[in-house]
Amino acid sequence: MQSTPPFLADAVMPIYKAALLFAFMLGIASVLTGFGYSIFTFIQTDISISAAIYSGFFVFLKGAVLTAFISFIGFLAFWKKHQIQYNNCKASPSARCNEIGFFNFA
């Protein structure tokens, strides 16, 4: 049976959940900020609407890249923890199978 690494302990998993929630909120905020920056840039300057949308898209893109990175780390941690639990369940079916439920992601 494989032991769980310290970075996947039950005490650390709420940090990954909080990171995923933060990434979700950051994704929504980056979309709204991109739209807002495009509109603000178009109104405050004399550039074309396409140039304003282009600049707003880069603001959105910065948030989207950060969101993707945080989400990747969070989902990777949850997947790896589930994979370890699934392998432990296969090794001793009576002791650990109730912890993973009905889903077999690994």
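Heads up: numbering here begins at 1 and tracks the sequence.
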Give me the atom names and distance for the closest heavy-atom approach of [X] to [Y].
X: G63; Y: S30; answer: CA-CB, 3.7 Å
X: L8; Y: K81; answer: O-NZ, 2.9 Å
X: L20; Y: G74; answer: CD2-CA, 4.0 Å

For this session: List for me each residue that meets ring-ring contact (aromatic ring centres under 6.0 Å, His included) alongside F72, sequence neighbours excluded, and say none if there are none.
Result: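 None.
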
For this session: Could you state whether Y54 and V31 fall into the same hydrophobic cluster, counting links through intermediate Ile, Leu, Val, Met, Phe, Trp or Tyr residues with side-chain heavy atoms under 4.5 angstrom apart?
Result: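 Yes, Y54 and V31 fall within the same hydrophobic cluster.
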
Problem set entry | Audit row: F24, L21, side chain to side chain contact (heavy atoms under 4.5 Å, CB included) steps and yes/no | CA-CA 5 Å; F24 175 73; L21 287 172; 5.6 Å; no

For this session: Name all pairs fulfilling the salt bridge (charged side-chain N to carboxylate O under 4.0 Å, His left out) condition that reach into residues 24-35, sequence neighbours left out, sorted by first residue then second.
Result: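 Residue pairs with at least one partner in residues 24-35: there are none.
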
Exercise. For F42 and I47, what are the C-alpha separation, side-chain angles and deciding distance, and is it a side chain to side chain contact (heavy atoms under 4.5 Å, CB included)?
Worked result: CA-CA 6 Å; F42 178 68; I47 62 174; 5.5 Å; no

[atom1]/[X] to [atom2]/[Y] distance, rounded to the nearest 0.5 angstrom?
X: F78; Y: K17; atom1: CZ; atom2: NZ; answer: 5.5 Å
X: S3; Y: I84; atom1: OG; atom2: CD1; answer: 7.5 Å
X: K62; Y: T67; atom1: NZ; atom2: OG1; answer: 14.0 Å
X: K80; Y: F7; atom1: NZ; atom2: CZ; answer: 8.0 Å

Identify each donor-acceptor pair in which a side-chain atom of residues 32-41 lies under 3.5 Å from a protein atom, sequence neighbours left out, and give them as a table.
from: T33; atom 1: OG1; to: A29; atom 2: O; distance (Å): 2.6
from: S38; atom 1: OG; to: G34; atom 2: O; distance (Å): 2.9
from: S38; atom 1: OG; to: A52; atom 2: O; distance (Å): 3.2
from: T41; atom 1: OG1; to: Y37; atom 2: O; distance (Å): 2.6

For this session: Could you tell me whether the side chain of S71 and the main chain of A68 form a donor-acceptor pair under 3.5 Å?
Result: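 Not confirmed, S71 side chain does not pair with A68 backbone.
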
